[in-house]
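Take a look at the structure below.
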Amino acid sequence: MSLVNRVPLDAFGEAVFLTDAEFHVIACNPQAVTLLRAGTEQAIQGRLATDMLTDHDLSGEYPTYLSERLTAVPFVVVECRVTRDDGTRFFAEASAHRINDKTVLFTVRDITVKTESLHRLEEANERLRAADRDRMEFVSNVSHELRTPLTSMSYALTNMRRGLCGALPEKAISYIERLQMDVKRLMTTVNDILDLRQIENGTLVLHKTCVPLRRLLQEVADAVMIQAEAKHQTLVVEPALREVYAEADKHKVERVFFNILSNAVKYTPDGGVIHAAVRSTQGQAVIEVDDNGIGIPPEALPRISQRYFRVGDQVSGTGLGLSIVREIVELHGGTFNVLSPVPGTACGTRVSVSFPVCAGPLSILVSGDEAFIHHLSADEMACGHSVSVDRRAIDLVEECAALHPARFLLDGALPESCLSDWVCQIRGDTRLARLPIVIFSSEMEPARREAYARMQVEVRPRPI
């Protein structure tokens, strides 16, 4: 028994049309008459439902499309424009149900209010997006204008601190140091805003090099130490037996470290302890910063890296620091995570970021002495460097240029004529001329040492 025989069309709450296989209307319910403002059911019978329920995207192919779809599936739903008998039009959602090979049932629902509401919502969203673009453009322009005077102030304060204007009393030096901290804080905020603008525009360019993460973390910690000492805090970077390198934008990674350590100092009470470490695991360089500060409420943890979010009502800052950290780290293909309290304790916060590790800078080691090679290679690898050994050095420059080395290590026990020739070749090649050269020799004559010094070649004692 068909659906039409079991349920009268009048029982449907929506407008219903019953058509033949070619979509000519056979019958309809009163709701359909009212919806189309047709007057009577007879005025609708015989019409093509596909003419009344127009889909502009399909145009003349609409009947063919419906026939093919209803052959493959039991029903089809489309949004369309319906034309009433009085010429007015409205948006509708039409469902075509295949009852059998000869009969199709159409249900039609007026969605004008919904469509217009969505349209107004999209217009409102676009206005919000435009306002947000204008806001960011304004903030970006202001930040650019601030950067130049802040840079000048920073240079001026540094020169005054170094005594360029003469000796200063201790109190003046104290004020200068405080001003330097404030200028650096402002510069950090300005850079955060400019980076955020570039991230949103997709124009932030990463200038990647081989970055020594542990060394960089220590340098940033030294810069933050003034803030930590002012609060009588202990800031420690854990020593590492081997340097860990990542292919990254050094200045951006420096910003990441500065934001994390500054946050730790800010939210750790006087006399607190901040511990930072770098380790390498499963192809990732993981940097962890632990503090024993006030911690982060559990409900705030999911939002801690959202832009402009700040914990509590009275906390200073822009709420951009950890957001910039997360975005920079993710642009490098790394991860960002915050835990509070620190695992194994009842307080504090652990912020961890990771970067994909890379091989350390390549040192070209030229020697034929296996004991010397073994000793120096071990020292280099302990520092995280990779080593390429050249025992013959027949065409040193051409062979090494393609390897993109970071420096040359030459065995001073090799003939002096070879050493001087290699140094001249390296310094004469534009691809390698600026690279450090170290000669390991304990018996070199002073005049020879001076000559190498003029060529910016370092001479060190030979270990073996």
Side-chain angles (χ1 to χ4, degrees), residues 143 147 150-151 154-155 158 180 183-199 202-227 235 237-240 242-265 276-281 283-289 305 320-336 351-363 380 383-386 403-407 431-436:
S143 299
R147 178 183 273 178
L150 284 173
T151 302
S154 178
Y155 282 133
T158 300
Q180 284 179 308
V183 168
K184 190 162 190 176
R185 190 179 299 113
L186 283 171
M187 280 295 292
T188 299
T189 301
V190 167
N191 288 329
D192 282 346
I193 293 170
L194 293 175
D195 278 354
L196 181 60
R197 175 66 174 165
Q198 288 183 311
I199 290 169
T203 57
L204 184 67
V205 178
L206 299 178
H207 302 283
K208 293 185 177 181
T209 57
C210 187
V211 179
L213 297 177
R214 201 267 170 197
R215 189 190 315 161
L216 184 60
L217 182 63
Q218 183 64 64
E219 291 173 359
V220 175
D222 292 341
V224 176
M225 194 67 72
I226 297 176
Q227 302 171 35
L235 173 56
V237 177
E238 184 178 303
R242 182 172 179 173
E243 181 61 275
V244 179
Y245 290 88
E247 187 178 0
D249 187 314
K250 180 181 177 181
H251 296 296
K252 296 296 183 287
V253 175
E254 186 177 26
R255 292 274 306 290
V256 167
F257 291 169
F258 182 81
N259 283 350
I260 294 175
L261 289 174
S262 295
N263 261 13
V265 171
V278 181
R279 55 186 173 83
S280 178
T281 175
Q284 293 287 312
V286 180
I287 298 89
E288 291 181 345
V289 176
S305 65
L320 288 175
L322 290 183
S323 171
I324 293 294
V325 166
R326 177 180 58 81
E327 305 226 32
I328 289 176
V329 168
E330 290 178 353
L331 281 174
H332 281 85
T335 59
F336 168 84
V351 178
S352 61
V353 296
S354 72
F355 297 92
V357 298
C358 69
L362 176 63
S363 298
E380 288 293 300
C383 295
H385 298 178
S386 53
L403 299 177
H404 305 290
R407 62 177 182 166
R431 297 166 295 180
L432 308 172
R434 295 181 178 273
L435 298 181

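One is the number of the first residue; the rest follow in order along the sequence. Everything numeric in this text was worked out from a predicted model, so none of it was measured.
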Where Leu150 and Val183 come nearest, the two heavy atoms and their spacing: O-CG1, 3.6 Å
Do you know which two heavy atoms are closest between Leu235 and Ala221, and how far apart they sit? CD2-O, 3.6 Å
Taking all atoms of both residues into account, what is the closest heavy-atom pair of Ser386 and Gly360, and its distance? OG-O, 3.0 Å
Under 4.5 Å between any side-chain heavy atoms of Leu432 and Pro405, yes or no? yes
Please say which of Leu261, Val237, Val253 ends up in a side-chain contact (heavy atoms from CB on, under 4.5 Å) with Val220. Leu261
Pairwise distance CG(Leu435) to NE2(His404) - rounded to 0.5 angstrom: 11.0 Å
Can you tell me how far CZ of Phe336 sits from OG of Ser354, rounded to the nearest 0.5 angstrom? 11.5 Å
Which pairs pass salt bridge (charged side-chain N to carboxylate O under 4.0 Å, His left out) with one or both residues in residues 254-265, sequence neighbours excluded? Asp192-Arg255, Asp195-Arg255
Using side-chain hydrogen bond (donor to acceptor under 3.5 Å, both in side chains) as the criterion, list what pairs up with Thr209, not counting sequence neighbours. none
Using every non-hydrogen atom in the two residues, find where Ser280 and Val357 come nearest and quote the distance to one decimal. OG-CG1, 3.8 Å
Report the C-alpha separation of Asn263 and Val351 in whole Å, then their side-chain angles, then the decisive distance to 0.1 Å, and conclude whether the side-chain contact (heavy atoms from CB on, under 4.5 Å) test is met. CA-CA 10 Å; Asn263 261 13; Val351 178; over 6 Å; no
Can you list everything that forms a side-chain hydrogen bond (donor to acceptor under 3.5 Å, both in side chains) with Glu288? Sequence neighbours excluded, please. Arg279
Evaluation steps, side-chain contact (heavy atoms from CB on, under 4.5 Å), between Arg215 and Tyr245: CA-CA 10 Å; Arg215 189 190 315 161; Tyr245 290 88; 3.8 Å; yes
Locate the shortest heavy-atom distance separating Gly333 from Pro356; write the atom from each residue and the value. O-CG, 3.9 Å
CD1 (Ile260) and CD1 (Ile287) are apart, to the nearest 0.5 Å, by 7.5 Å
Report the C-alpha separation of Arg326 and Leu322 in whole Å, then their side-chain angles, then the decisive distance to 0.1 Å, and conclude whether the side-chain contact (heavy atoms from CB on, under 4.5 Å) test is met. CA-CA 6 Å; Arg326 177 180 58 81; Leu322 290 183; over 6 Å; no
With sequence neighbours left out, the residues meeting side-chain hydrogen bond (donor to acceptor under 3.5 Å, both in side chains) with Glu380 are Ser363, His385, Arg407
Of all residues at least two apart in sequence or in a different chain, which pass the side-chain hydrogen bond (donor to acceptor under 3.5 Å, both in side chains) check with Glu238? His275
Within this structure, what is the CG-CD1 distance for the pair Asn259 and Ile328, rounded to the nearest 0.5 Å? 7.5 Å
If you count every heavy atom of other residues, nucleotides or ligands that lies below 6.0 Å from Lys250 atom NZ, does the total exceed 12? no
Within this structure, what is the CD1-CD distance for the pair Ile226 and Gln180, rounded to the nearest 0.5 Å? 7.0 Å
Heavy-atom closest pair (Ala248 atom, Val211 atom, distance to 0.1 Å) is O-CG2, 3.4 Å
Please list, chain by chain and in numerical order, all residues satisfying ring-ring contact (aromatic ring centres under 6.0 Å, His included) with Phe355, sequence neighbours excluded. His332
